[in-house]
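Letters A, B, ... mirror the listed sequences (proteins, then strands); counts begin at 1.
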2 protein chains.
Amino acid sequence: MKYSLSEENYLKAIYHLEKIAATGVATNAIAEQMETKPSSVTDMVKKLSEKDLVNYIKYQGVTLTEKGRKTALTIIRKHRLWEVFLVDKLNFHWDQVHEIAEQLEHIHSEELISRLDKFLGEPDFDPHGDPIPDKHGNIKRTEKKLLSDLDKNQGGVCVGVKESSAEFLQYLDKKKITIGTKIKVLGKEFFDGSMVILVGKDQSFISKKTAENLYVQTN
Amino acid sequence: MKYSLSEENYLKAIYHLEKIAATGVATNAIAEQMETKPSSVTDMVKKLSEKDLVNYIKYQGVTLTEKGRKTALTIIRKHRLWEVFLVDKLNFHWDQVHEIAEQLEHIHSEELISRLDKFLGEPDFDPHGDPIPDKHGNIKRTEKKLLSDLDKNQGGVCVGVKESSAEFLQYLDKKKITIGTKIKVLGKEFFDGSMVILVGKDQSFISKKTAENLYVQTN
DNA sequence: ACAATATTTTAGTCTTATCTAAAATTTAAT
DNA sequence: ATTAAATTTTAGATAAGACTAAAATATTGT
């Protein structure tokens with residue numbers, strides 16, 4: 001099945017919101033995510049429901065059906081594979097690729113994605129450390145922690161970011177932190193949650209907010 | 001300026017039709033090319049005229065303005081660069097890439113195309129032998145050339161013969177080559193100047209002498 | 001419990017791009 | 001030079017997706 005740009009974007013948004021909200025995803029939440037109005041969301045959600053992509057009961061929010069989840073995951077797969085292409089092959093910086101990938105993710109061609117995947121070496125993670133679903137929609141789940149949850153002297157490898165705004169990514173760059181960077185907590189200030197950490201060989205000071213948006217793999 | 005998918009497709013169609021029709025491009029011709037109805041064309045053409053992309057006088061067909069031509073050429077540039085990507089990097093066959101490139105050509109990002117161009121080695125021709133406009137919309141305008149002067153992978157349309165003996169013309173007939181036939185150079189032998197060429201869908205072997213007597217148009 | 005507030009849905013409108021049917025204009029034929 | 005035929009335009013309708021304003025339902029605070 002081929003879905004419209006709008007339908008695909010809604011599915012993606014609902015998928016991401018479903019991970020956060022334990023209950024059915026609220027109309028208002030979708031509206032905010034999509035930068036549209038709640039009434040528009042209601043209309044679209046009805047249409048997606050007709051197509052068996054979401055479960056929808058009036059006033060009770062939305063959940064993805066299996067079909068909807070699979071569809072969302074193929075779009076996310078495409079988005080992340082294109083991001084790898086943009087960074088690895090075209091040498092874009094990791095904070096420049098989101099907007100372009102938002103467009104590329106809607107190109108319809110299974111063959112294209114299959115070949116792109118091979119061309120890129122069948123990567124498991126995108127440039128922000130997010131996992132790339134395989135063609136069946138399976139995600140390689142690795143437990144990752146927020147840097148803010150590490151204790152003093154604990155260390156790990158940066159594997160992703162929670163927030164991926166260009167501002168934050170550029171800030172991380174300035175701090176010489178990127179996917180794969182080794183980090184160790186040298187000190188943690190109790191009163192404001194700020195940290196002194198070791199980044200490679202240099203000390204760095206980061207705020208609680210930063211630590212709460214950086215995922216590390218500890219092993 | 002950013003134009004809609006539909007607007008871009010109309011501009012492209014008009015560009016291609018303008019090369020054939022000496023006069024203003026007919027509404028019906030556009031409708032056929034776009035697989036739509038003449039009345040739809042009239043509507044769109046009015047809109048393009050408002051935006052100063054085409055010159056339009058009722059009942060007298062359309063021509064592209066300078067702005068329209070430039071815009072059409074950037075879309076064609078994108079289309080052809082993506083085709084090179086699909087064939088050279090993803091190993092698609094040259095007859096599989098058109099449909100996918102039709103989608104990719106509408107991705108909006110100058111930076112992307114600039115980097116893609118570099119990544120591909122700034123190619124001058126697409127996999128079908130069509131020339132790739134540069135970022136300013138300039139096409140390597142090659143008026144009619146001798147087939148023997150073409151490089152590998154370059155293509156063109158047969159537009160004439162240098163020698164017009166019956167023998168030669170009969171030979172061309174046997175080779176299924178006539179005015180308007182599309183030809184692409186698949187291989188060129190250095191030592192005797194002979195060529196393997198694609199005539200329509202079939203391969204053919206021709207001598208240097210033959211190639212030196214065939215004019216092709218490469219744009 | 002029940003009023004106040006927040007959320008969600010409905011109803012009706014708008015825009016873009018398309019269509020059909022009918023009218024206007026141009027081109028071709030005798 | 002008229003008429004017939006083909007082309008093009010207009011007028012009005014439709015579908016997708018979004019919006020506003022108002023109505024319906026849920027949630028919250030006391």
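In the model, A/H136 has no side-chain atom that pairs as donor or acceptor with a side-chain atom of A/N138 under 3.5 Å. Residues A/H79 and A/D126 have side chains that never bring a donor and an acceptor to within less than 3.5 angstrom of each other.
For B/T36, the listed nucleotide lying nearest its side chain is C/dC19; candidates were C/dC19, D/dA26, D/dT9. For A/A26, the side-chain atoms get nearest to C/dT8 when compared with the rest of C/dT18, D/dT9, C/dT8. The side chain of A/Y59 lies closest to C/dT9 when the candidates are C/dT9, D/dT10, D/dT9.
Rounded to whole Å, atom P of D/dA16 lies 15 Å from atom OH of A/Y3. When rounded to the nearest whole Å, the span between CE of A/M34 and C1' of D/dC19 equals 15 Å. Whole-Å rounding puts the A/D43 CG to C/dT8 C1' distance at 12 Å. Atom CG of B/N9 is separated from atom P of C/dT16 by 17 Å (rounded to the nearest Å). Note: CG (B/L5) to P (D/dA16) measures 17 Å, nearest angstrom. Atom CD in A/E50 sits about 15 Å away from atom P in D/dA15, given to the nearest Å. The separation between A/E7 atom CD and D/dA16 atom P is 9 Å, rounded to whole Å. Nucleotide C/dT15 holds its C1' atom 12 Å from the CE atom of B/M44, rounded to whole Å.
Using a 4.0 Å heavy-atom criterion, one finds that A/S6 contacts the sugar-phosphate atoms exclusively.
Using a cut-off of 4.0 Å between Lys/Arg side-chain N and Asp/Glu carboxylate O, B/E102 and B/K12 are scored as salt-bridged. Between B/R115 and B/E111 there is a salt bridge, since a side-chain N of the basic residue sits under 4.0 Å from a carboxylate O of the acidic one.
In this model, the phosphate group of D/dA18 is approached by a side-chain N or O of A/Y10 to a distance below 4.0 Å at OP1 or OP2. Between B/Y56 and the phosphate of D/dT9, there is a side-chain N or O to OP1/OP2 separation shorter than 4.0 Å. Remark: B/K37 is not in phosphate contact with C/dA21, judged by side-chain N or O atoms under 4.0 Å from OP1 or OP2. OP1 or OP2 of D/dC19 has at least one side-chain nitrogen or oxygen of A/S40 nearer than 4.0 Å. For D/dA24, the OP1/OP2 oxygens have no side-chain nitrogen or oxygen of A/K58 closer than 4.0 Å. Phosphate proximity of D/dT10 to B/K46: present, with a side-chain N or O under 4.0 Å from OP1 or OP2. Residue A/N28 has no polar side-chain atom (N or O) positioned under 4.0 Å from OP1 or OP2 of C/dA6.
Both tests pass for A/K89 against the ring of A/F119: distance under 6.0 Å to the centre and angle within 45° of the axis.
A donor-acceptor contact under 3.5 angstrom links the side-chain atoms of B/S39 to the base of C/dT20.
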